[in-house]
Amino acid sequence: NAGVTQTPKFRILKIGQSMTLQCAQDMNHNYMYWYRQDPGMGLKLIYYSVGAGITDKGEVPNGYNVSRSTTEDFPLRLELAAPSQTSVYFCASTQDRYTEAFFGQGTRLTVV
Amino acid sequence: EDQVTQSPEALRLQEGESSSLNCSYTVSGLRGLFWYRQDPGKGPEFLFTLYSAGEEKEKERLKATLTKKESFLHITAPKPEDSATYLCAARRVGTGNQFYFGTGTSLTVIP
């Protein structure tokens, strides 16, 4: 089982550039989440989705956008990258409202 | 305000020296308390879920417990390979059934 797959693993962006972080899961999970992890700050929720076609903002959504056209894929779009978006990004999915989240291996993004 | 607090931030143990990690939570409508292990450069890896006060779960040298306000991760006779950051997360009732994560405890076990 592949689980949750994130690409790319590493990326360096220049200020003002845009990019899409890819996330795919093969477990047929309805719930998917995007988090960012900064040193000493814990995981902060950016956006989430409870099913295909449904997305909503989390705690820190500014500067990001998402879409969920299929159950499997949940890409995160960064528009006009800023140094404050330098972070490690994790995608996660869960089967339902009660069970654990499965995480991808993360994307380390640096904005210079 | 929903909040999860972990202590200590960092813990150094000698191999075989047992200890406990604390996770305090204030979440309205708890759906579950989750423990994860995270190794450097990796995503969090699921360890345990606890759903109600008094519940306990065990796996090898780890044991998780839950009260109405706290959860503990007890580590018995740790080994160097137990070195990692341990995260706890509270999942709440509501739109999206979000997870709220603590900042983690970085555990180092010295041979």
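In what follows, chains carry the letters A, B, and so on, assigned in the order in which the sequence lines appear, proteins first and then strands, with residues in each chain numbered from 1. Any value given below was found using the heavy atoms of this structure, including those in side chains, with hydrogens, waters and symmetry copies removed.
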Does atom [atom1] ([X]) have a neighbourhood of more than 12 heavy atoms from anything else shown, all under 6.0 Å?
X     : atom1 : value
A:I12 : CD1   : no
A:R77 : CZ    : yes
B:R92 : CZ    : yes
B:E9  : CD    : no
B:K57 : NZ    : yes

Considering only heavy atoms, which portion of [X] lies under 4.5 Å from any heavy atom of chain A: side chain, backbone, both, or neither?
X     : value
B:Y36 : side chain
B:Y51 : side chain
B:F46 : side chain

Assigning hydrophobic clusters by single linkage (Ile, Leu, Val, Met, Phe, Trp, Tyr; side-chain heavy-atom cutoff under 4.5 Å), is [X] placed with [Y]?
X      : Y      : result
B:Y100 : A:F90  : no
B:L11  : B:F72  : no
B:L73  : B:L107 : yes
B:V27  : B:F99  : no
B:F34  : B:L66  : no

Query raised in the report: Who wins among A:V88, A:D96, A:V4 for the most heavy-atom pairs under 4.5 Å with chain B?
Result: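 The answer is A:D96.
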
Query raised in the report: Using a heavy-atom distance cut-off of less than 4.5 Å, which residues of residues 31-67 of chain A contact chain B?
Result: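 The list, in residue order, reads A:Y31, A:Y33, A:Y35, A:Q37, A:G40, A:M41, A:G42, A:L43, A:L45, A:Y48, A:V50, A:D56.
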
Query raised in the report: Looking only at heavy atoms, which of residues 97-106 of chain A get nearer than 4.5 Å to chain B?
Result: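 A:R97, A:Y98, A:T99, A:E100, A:A101, A:F103, A:G104, A:Q105, listed by number.
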
Query raised in the report: Out of B:G41, B:G43, B:G32, which one racks up the most heavy-atom pairs below 4.5 Å with chain A?
Result: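 Of B:G41, B:G43, B:G32, B:G43 has the most heavy-atom pairs under 4.5 Å with chain A.
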
